[in-house]
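Working notes, structure below.
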Protein chains: 2
Amino acid sequence: MLKMTDKKERILEVALRLFALEGYANVPTSKIAKAADVSEGLIFRHFGSKEALLDAILELGIEQVEHFVAEVKQETNPRLRIQKVIQLPLLVTREHEEFWKLQQSIKYHNPELATKYRQSEVFQSLVKSVEDAFSNLKYQNPKAETQLLMMIITNLFTIVEQEDLIIKEAFVKFVQSKYEE
Amino acid sequence: MLKMTDKKERILEVALRLFALEGYANVPTSKIAKAADVSEGLIFRHFGSKEALLDAILELGIEQVEHFVAEVKQETNPRLRIQKVIQLPLLVTREHEEFWKLQQSIKYHNPELATKYRQSEVFQSLVKSVEDAFSNLKYQNPKAETQLLMMIITNLFTIVEQEDLIIKEAFVKFVQSKYEE
DNA sequence: GTCTATATGGGGATAGAC
DNA sequence: GTCTATCCCCATATAGAC
């Protein structure tokens, strides 16, 4: 990937942090500019609009998550694959916690953008691979199982952001135990 | 309860719906006024500020949910009590559903308000009664079980993608089956 | 690429009449 | 209790110089 301008990069980082922390709608571009030590105008030079900035951040996040998802899909043992999916929030949030938090929050601010993510290849393929695993394991209702598990996982991300690491890990283990044989 | 002015009531209803649907930050008071067929000024006469309006809505929501929660708590058979909690999302009316959704969304706009609700008597007592049920049933980790179940329930409320009642009911049944003996 | 200065609109909120 | 009119701020966005 071509190296971005330092400042453009800084804007992305800072905006991600602030959006995740305080919510997209609550963060004026002026605040981003100040925090990134950049002129406000530059944000619009680079991204065109505040919303386009959000979009760029999400694109970037999806990219970064791709590798984690690939890891899960590559696991052929269905039982293990499910264990790995459950662990995703722990693994991903370690590096991309803010992105996930943002992802959650925009569900409410900006449903279209959230939908865009939900329908992204990455997410869809993850869902499918989970469903396959449940099918292989002869669960009676693989679709519902998948839906339930994805729901739990999505929420694990948000819990994860609240509690301390020990509690998180314990809870993830607990959920995993639900899917052992 | 004293009967409110029709218009005050209408503002509350409309605002609840719009906030839940589009997010607090995305709904200007002008829009609420128009939708409720009321002057914008009246909103401020009655509630003082937009945020105070949100607060009033949440208060009201808590009140309305109280009776459903009481129903659950009053069930002494722990197995049945859990079945009933899971059914909560189906029992509450559409308005309550909106209330629940709003409750979720403000986590990001206005964490203090969300916390206030989370720590409300109603919610806390529901959590406690679920935890008791799990304890009685000798689940190994009642606290984690409760956390997981409450998480699932909260999400059941917000499954919008499946507005189809049949699907929703099927899914609730599916979750219930997880907690049968 | 980046800054400074500025335009524009819209959102929350108030005043005052009825 | 309710409406109309209005204020003011601040957030997004643009223009133009460097």
Side-chain angles (χ1 to χ4, degrees), chain A residues 1-60 102 105-106 108-114, chain B residues 1-60 102 105-106 108-114:
Chain A
M1 181 170 45
L2 287 161
K3 178 84 173 74
M4 281 183 282
T5 314
D6 287 27
K7 295 212 170 179
K8 189 172 181 183
E9 217 167 44
R10 240 158 57 205
I11 292 170
L12 283 168
E13 278 168 22
V14 168
L16 168 58
R17 203 185 68 235
L18 291 178
F19 287 165
L21 221 59
E22 305 174 17
Y24 171 76
N26 300 323
V27 181
T29 49
S30 58
K31 191 168 186 174
I32 299 168
K34 209 182 287 179
D37 195 30
V38 155
S39 76
E40 196 173 352
L42 191 60
I43 295 175
F44 293 92
R45 276 275 160 215
H46 278 311
F47 301 98
S49 73
K50 189 188 172 187
E51 186 144 348
L53 168 61
L54 175 59
D55 199 39
I57 290 172
L58 291 175
E59 287 293 348
L60 211 61
L102 173 59
S105 75
I106 58 157
Y108 302 98
H109 298 124
N110 200 323
E112 319 85 59
L113 271 184
Chain B
M1 180 170 47
L2 285 161
K3 176 88 171 74
M4 280 182 284
T5 313
D6 288 26
K7 297 213 171 181
K8 188 173 181 181
E9 218 167 43
R10 242 159 54 207
I11 292 171
L12 283 168
E13 279 168 22
V14 168
L16 168 58
R17 203 185 67 237
L18 291 177
F19 287 165
L21 221 59
E22 306 175 17
Y24 172 76
N26 299 322
V27 181
T29 50
S30 58
K31 190 168 187 175
I32 298 168
K34 209 182 284 179
D37 195 30
V38 154
S39 75
E40 193 174 353
L42 191 60
I43 295 175
F44 293 92
R45 276 273 161 220
H46 278 310
F47 302 98
S49 73
K50 189 188 173 188
E51 184 144 349
L53 168 61
L54 175 59
D55 197 39
I57 289 173
L58 291 175
E59 287 292 348
L60 210 62
L102 172 59
S105 77
I106 56 159
Y108 301 97
H109 300 122
N110 200 324
E112 316 87 57
L113 269 185

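Below, chains carry the letters A, B, ... as their sequence lines are ordered, and counting in each starts from 1. From a predicted model like this one, the values you see are computed outputs, not experimental measurements.
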Tell me: [atom1] of [X] to [atom2] of [N], nearest whole Å?
X	N	atom1	atom2	result
Lys50(A)	dC10(D)	NZ	C1'	12 Å
Leu54(A)	dA13(D)	CG	P	12 Å
His46(B)	dC3(D)	NE2	P	9 Å
Phe47(B)	dA13(C)	CZ	P	13 Å
Asp37(B)	dT4(D)	CG	P	10 Å
Ile43(B)	dA5(D)	CD1	P	17 Å
Glu40(A)	dT14(D)	CD	P	12 Å
Lys8(B)	dG1(D)	NZ	P	7 Å

Original post:
Under the side chain to side chain contact (heavy atoms under 4.5 Å, CB included) test, which residues partner Asn26(A), sequence neighbours left out?
Top reply: His109(B)
Atom pair [atom1] ([X]) and [atom2] ([Y]), whose distance is rounded to the nearest 0.5 Å:
X	Y	atom1	atom2	answer
Ile43(A)	Lys7(A)	CD1	NZ	11.5 Å
Leu58(B)	Leu53(B)	CG	CG	9.5 Å
Glu13(A)	Lys8(A)	CD	NZ	13.5 Å

Original post:
What are the residues of residues 21-32 of chain B, sorted by number, that bring a heavy atom to within less than 4.0 Å of DNA chain D?
Top reply: none
**OP:** Cation-pi check, Lys50(B) to Tyr24(B): give yes when NZ or CZ is under 6.0 Å from the six-membered ring centre and within 45° of the ring axis, no otherwise.
**Re:** yes
**OP:** Classify the side chain of Arg10(A) versus the base of dG1(C) as yes if they form a donor-acceptor pair under 3.5 Å and no if they do not.
**Re:** no
Original post:
Which comes earlier along DNA chain D counting from the 5' end, the contact point of Leu42(A) or that of Arg45(B), where each point is its nearest nucleotide?
Top reply: Arg45(B)
Subject >> Donor-acceptor pair between Glu40(B) and Ser30(B) side chains, under 3.5 angstrom >> reply: no
**OP:** Quickly, which of Val14(B), Ile11(B), Ile32(B) forms a side-chain contact (heavy atoms from CB on, under 4.5 Å) with Val38(B)? Name it, please.
**Re:** Ile11(B)
Original post:
Taking only side-chain nitrogens and oxygens of Lys7(A), does any of them come within less than 4.0 Å of OP1 or OP2 of dT2(C)?
Top reply: no
